Protein chains: 2
Amino acid sequence: MNMTEHNTLKPNTSVLELINKPKTARGKKTLARILKAAEDLFSQKGFYNTKITEIVESANVASGTFYIYFPDKKSIFRYLMEELNHALRKEIVEATVDCKNRKEEEKVGFETFFSFVNKHNGLFRIVWDAQFVIEEAFMEYYENFAQHYLVGIKKAQKSGEVKDYDPTTLVYCLMGITNFIALKWIIFEKKPVPQKVLEDVMKIISEGAFNLPE
Amino acid sequence: MNMTEHNTLKPNTSVLELINKPKTARGKKTLARILKAAEDLFSQKGFYNTKITEIVESANVASGTFYIYFPDKKSIFRYLMEELNHALRKEIVEATVDCKNRKEEEKVGFETFFSFVNKHNGLFRIVWDAQFVIEEAFMEYYENFAQHYLVGIKKAQKSGEVKDYDPTTLVYCLMGITNFIALKWIIFEKKPVPQKVLEDVMKIISEGAFNLPE
DNA sequence: CCGAATCATGAATCGAGGTTCATATTTCAT
DNA sequence: ATGAAATATGAACCTCGATTCATGATTCGG
C-alpha cells in the first residue's frame, strides 16, 4: 500500500488533473460523452452498480478509451464530484451577487440550490455515495461548502442582520434544511420544490416554529 | 426478472422474516454475532466494501453459516436497517413520554436522536448507503420517520403550540437540522453534540435566525 | 500532404468475492 | 440415551467486471 501524501482540507485542492487532458477536438468530445454518461449512470445506480462497460457503451466508445482519460473508475467519480461542487457554488454566487440583504440572499441561495438539484438530481446520490467510494471526499464536500457559507453568515452577524448563534451551528442547520427539503421534493416526489414550501421555509428560519405561550 | 409484488409504503411492513430464525440457544448466539459483525463492518466500510468473508471471519463462523440465516448479502443489510429504525423510534418515544409541551418534546427528541447516532454511528452510513443497495429502503426509511413525526407536529399545531406552516415542510426542516447537526458533530468531529449546540438549535427553531430590521 | 502525436479499439486477462453443497457436529424433546 | 432436526464447516464453483495491451485509425502543425 503506497499511501500518497494525505489530502488535507486546503480550500483549493483540485484533483481535476487526475485526468489525462484531451488535446484534440475529437478527444474533447469523447471525454465529454464519457463524463455525461458517467454522471447519468452514477446518479441513477450509484458507483458500485455502474459498470465501466455501461459507461463506455452509453458514451459510444470502447472500454479502452475510458482508460485514456482516467486511470481508474474512482477517478471519474471524484472528477464529477468536484465538477458538480464548482458548478453549484458558481451558480449560487452568481445568483446572489446583487441581493439587498442577507435574508434575500438566503432565499435566492435556497432557490438556486433547489433548481440546481433539480437539474442535476444526481448530485445527492453522488455526494452521498462518496462516503464509501472516496471517504475523505464526502466530508470534504460538506465542510468545504460550509466554510464558504460561514463567511457570509459571519458577515451578516457582524452587521446585525443575523442573530448571534454559533455560526457553524446555524450553517449546518441551514444546510440540513435545504438538503432535506430538496430530498423530499426533488428526489422523493420527483417534482421541483413548490413555491409555497420555499416560503414556509423562509418563515420558519425567520420566525421560528413555535407560538409563544401566552 | 421476476418482479415480486411491489412493497408499498404500508406502515408496518416488516421484512424481518427474511431470515431463518434460529431455534436453539446456540443458533441465537451465532446469529447475534453475525449481526454485530455486519453492523460494525457496514458502518465502517459500507455495503459494497464489506465482504461476506469479513463478516463471518469477524463473527467467528464459517461462510456457509451465514447462509443459514440470510438468503443473501442484501437481506442482512435490510434487516439491520429495520432493526436500527425500530430501536431509534422506540428510544425517542420512550424518552419523550412525559414531556410537558411540544417544545420540550422536540428538545428531548433531538437529544435522544443525537445520543442514538452517537451510540450507533453507523446508522447514517447504513441508511445513506441504502439508496444504492435497496433503493426503496432509503426513501421508505425517511418517509416512515417523517410520517410518525408528522402526527405529533399536527397535534401541536391544533393545540396552537406550533405555527401553522405546511407540516410536512416543517417536519423535513427539523429532520434536516438534526441529521446535519449529527453529521457535523458525531460523524465529522467524532464527538457528541455539545450542549451549547443543542441550545442554539432550539433557539434557532424557536426564534428564527434573523434580527428584525428596525 | 506527411508523420509524430493523439486517440480509439475490444478481445483477453485476472482476481475477487458471493454462493453452494456434501459432509460433520451439536442440540434437545421424548 | 437416542435420533431427527438444527447448526456448522470450508473448499470449490462460478460469475462478473475492472483493467490491460497490441494493433489500428485520426488529427493537425509545419
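For clarity, every value in this text was computed on a predicted model and none was experimentally measured. Throughout, a chain's letter reflects where its sequence line sits, starting with A, and its residues are numbered from 1.
Dashed line: the shortest gap from a side-chain N or O of A:T30 to OP1 or OP2 of C:dA8 is under 4.0 Å. Listed pair B:Y67 / D:dT7 fails the phosphate criterion, with no side-chain N or O lying under 4.0 Å from OP1 or OP2.
For B:T65, the listed nucleotide lying nearest its side chain is D:dT9; candidates were C:dG17, D:dT9, D:dT20. Of the candidate nucleotides C:dC7, C:dC28, D:dT20, C:dC7 has the atom nearest to the side chain of A:R26. Of the candidates D:dT9, C:dT9, D:dA6, the closest approach to any side-chain atom of A:V61 belongs to C:dT9.
Between the NZ atom of B:K21 and the P atom of D:dT7 there is a distance of 13 Å, given to the nearest Å. Put simply, CZ on B:F66 is 17 Å from C1' on C:dC21, counting in whole angstrom units. Rounded to whole Å, the distance from CZ on A:F47 to P on D:dA18 is 8 Å. Rounded to whole angstrom, the span from the NZ atom of A:K45 across to the C1' atom of D:dG17 amounts to 12 Å. Residue B:K73 contributes atom NZ, which lies 19 Å from atom P of D:dT15 at whole-angstrom precision. Per the geometry, NZ belonging to A:K74 stands 15 Å off C1' belonging to D:dG17, to the nearest Å. The CG atom of A:N60 sits 9 Å away from the P atom of C:dT9 (whole-angstrom rounding). Between the OH atom of B:Y69 and the P atom of C:dT20 there is a distance of 17 Å, rounded to whole Å.
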> Can you check salt bridge (Lys or Arg N to Asp or Glu O under 4.0 Å) on A:K119 and A:E91, steps first, answer last?
Replying inline: CA-CA 12 Å; A:K119 229 176 358 189; A:E91 280 197 22; 2.8 Å; yes
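Comparing A:I68 and B:T50 by the nucleotide of DNA chain C whose heavy atom lies nearest to each, the residue mapping closer to the 5' end is A:I68. Along DNA chain D, the nucleotide nearest A:G64 and the nucleotide nearest A:T53 are compared for position; the residue whose nucleotide lies closer to the 5' end is A:T53. Mapping B:T24 and B:I52 onto DNA chain C by nearest heavy atom places B:I52 closer to the 5' end of the strand.
No side-chain donor from either of A:Q147 and A:E143 sits under 3.5 Å from a side-chain acceptor of the other. A donor-acceptor contact closer than 3.5 angstrom links the side chains of A:S75 and A:D72.
Between A:F42 and the options A:F47, A:F124, A:W128, A:Y79, a ring-ring contact (aromatic ring centres under 6.0 Å, His included) holds for only A:F47.
For A:Y142 and B:F180, the gap between ring centers is short of 6.0 Å.
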